[in-house]
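Just so you know, these numbers come straight off a predicted model, no measurement behind them. Whatever order the structure lists ligands and atoms in, that order sets their numbers, starting from 1.
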Amino acid sequence: MASLTLREVQKSFGEVPIIRGVDLDVKDGEFCVFVGPSGCGKSTLLRLIAGLEGTTDGTVRIGDRDVTRLAPAERGVSMVFQSYALYPHMTVAENIGFGMKMAKMPKPEIQARTEKAAKMLHLTDLLQRRPAQLSGGQRQRVAIGRAIVREPDVFLFDEPLSNLDAALRVQMRIEISKLHSDLKATMIYVTHDQVEAMTMADKIVVLSAGRIEQVGSPLELYHRPNNLFVATFIGSPKMNLFNIKVSEVTGGSAILSLPGGSTLAIPTRGASITPGEMTLGVRPEHLTIAPTEAGGVPAKVVLSEHLGGETMLYVDVEGAETVIVKADGLAPQRAGDNVRIIIAPETCHLFDKSGKAIVNGSLI
Ligand SMILES: Nc1ncnc2c1ncn2[C@@H]1O[C@H](COP(=O)(O)OP(=O)(O)OP(=O)(O)O)[C@@H](O)[C@H]1O
Ligand SMILES: [Mg+2]
């Protein structure tokens, strides 16, 4: 197994820059997840690491080897794609063993590695079946088996679970996490799924338009986003944003003028803040509905979604886009109700006009 190091990696297709200078260190054995909006360059970056595309500039290192100019087969990486493209006329065992057969590995070695991978992926009883006789999750496990037997230094996964139904995704998510802890392999994993990113990653890389916005552990990104992009990208439902004015900074507190005329004092945590217009960010679980008709910010409920264990209240607030309050599963509020929402000061994030975080909540 090995670490992965990217330095100043750039990629243009024709004149169009797609990856615009990426520096990244992934440690040996780390599970690193790439997230970002569609088209931001996640798959391109994986393909650059795999060697399926050449870099326009910069270097790719795996362990202590500079692999920037090496062919895919020489890099010691295995990639699992979203469309897993198994050979339909071959059995599961033949599909898993195909790469090793092409590499002219001795038959007993092929058999031993195939059986080991099959055991790990619960495919032992299915080795003689063909892909058409398998469920989606079983097919995906065969595709992963094909990657495992090559014993790569680095595994690359490009949205491997997005074709599966919700229950299978959960099952495969747990299996890939187990596989990671069994193999202790370095894994890079692309997903659009917030839960996969938060639960599987040691480290999440948030990409936007070919650049890294922030790298951190899931909880670091959730609680200490560097900017508005990361703050609103990580977390579902999204962080709520309010246009507010900082009217005064005094004694370690910033006094915010909230929509509707009330004020809120939040801790500055040592940040130097110049009074003026800013964006306040508060996550849905840090807003509550006031028990009385006084205090807080006036709001009108436009939709209440009862999910069983919790209720998402969508409320209109002056000076903000629709705000979401995560309330109790039995919350009684209904569309049309006038309510007041209370903001917990210690959870507040402040962003300046350029979107840079000035204050993050104190939860971690
Ligand atoms: N071979 C290519 N030639 C020209 N442009 C390309 C090529 N491959 C990708 N692109 C462009 O590069 C950009 C990034 O594509 P990429 O597939 O890396 O995005 P992504 O982040 O994986 O998106 P998604 O989440 O939709 O999979 C897109 O604008 C895409 O159109
Ligand atoms: Mg992609």
Side-chain angles (χ1 to χ4, degrees), residues 4-24 26 31-60 62 67-72 75 77-85 136 139-140 143-144 146-147 152 154-166 168-169 172-173 176 186-201 203-216 218 221 225-236 238:
L4 169 74
T5 313
L6 306 182
R7 286 291 171 268
E8 287 288 320
V9 169
Q10 299 187 31
K11 176 68 180 176
S12 301
F13 288 111
E15 294 287 292
V16 187
I18 298 295
I19 301 295
R20 298 156 177 259
V22 165
D23 288 289
L24 179 66
V26 180
F31 199 113
C32 176
V33 173
F34 290 177
V35 296
S38 190
C40 71
K42 303 178 295 295
S43 297
T44 304
L45 198 51
L46 272 198
R47 294 171 62 80
L48 291 172
I49 297 166
L52 298 171
E53 300 282 357
T55 53
T56 307
D57 208 349
T59 54
V60 179
I62 293 176
V67 302
T68 317
R69 300 277 161 250
L70 294 188
R75 293 193 178 198
V77 302
S78 279
M79 189 153 166
V80 179
F81 299 92
Q82 176 180 352
S83 54
Y84 24 82
R139 279 181 219 160
Q140 190 53 278
I144 294 170
R146 220 167 31 180
V154 179
F155 283 88
L156 306 173
F157 292 93
D158 196 354
E159 303 193 50
L161 308 186
S162 53
N163 286 335
L164 306 180
D165 71 34
L168 261 180
R169 283 179 83 123
M172 283 303 297
R173 183 177 92 211
I176 292 177
T186 310
M187 294 188 172
I188 317 282
Y189 189 100
V190 172
T191 182
H192 276 281
D193 186 301
Q194 292 270 339
V195 179
E196 281 176 24
M198 293 300 285
T199 58
M200 298 171 94
K203 176 189 269 176
I204 298 180
V205 177
V206 182
L207 290 158
S208 158
R211 287 201 178 88
I212 293 181
E213 292 283 341
Q214 191 172 353
V215 179
L221 294 193
N226 282 343
N227 56 44
L228 269 176
F229 182 87
V230 176
T232 51
F233 193 81
I234 299 286
S236 177
K238 284 203 310 197

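There is no protein heavy atom less than 4.0 angstrom from atom 31 (O) of ligand 1.
From the protein, the heavy atom lying nearest to atom 17 (O) of ligand 1 is Ser43 CB, 3.7 Å. Remark: minimum distance from atom 16 (P) of ligand 1 to any protein heavy atom is reached at Thr44 OG1, 3.5 Å. When only non-hydrogen protein atoms are considered, atom 24 (P) of ligand 1 lies nearest to Ser38 OG, 3.6 Å. Scanning the protein heavy atoms around atom 28 (C) of ligand 1, the nearest turns out to be Gly39 O, 3.9 Å.
Contact check for Lys203 versus Val215: side-chain heavy atoms found under the 4.5 Å cut-off. The shortest distance between side-chain heavy atoms of Val60 and Leu4 falls below 4.5 Å.
Glu159 counts as a contact of ligand 1, since one of its heavy atoms falls under 4.0 Å from the ligand. At a 4.0 Å cut-off, not a single heavy atom of Gly36 sits close enough to ligand 1 to count as contact.
Separating the OG atom in Ser43 from the CD1 atom in Ile18 is a distance of 12.0 Å, to the nearest 0.5 Å. For the atom pair CE (Met200) and CZ (Phe157), the distance works out to 7.5 Å, reported to the nearest 0.5 Å.
The Mg ion (ligand 2) has Ser43 among its coordinating residues (N/O/S atom, backbone or side chain, under 2.8 Å).
When heavy-atom distances to ligand 1 are checked against a 4.0 Å cut-off, Ile18 comes that close only through its side chain, counted from C-beta outward.
Checked against a 3.5 angstrom limit, the closest N/O atoms of Phe13 and ligand 1 fall outside it.
With salt bridges taken as basic N to acidic carboxylate O contacts below 4.0 Å, none links Lys42 and Glu159.
Under the 3.5 Å distance criterion, the side-chain polar atoms of Arg75 are matched with a main-chain donor or acceptor of Ile49.
A centroid separation of less than 6.0 Å is found between the aromatic rings of Tyr189 and Phe31.
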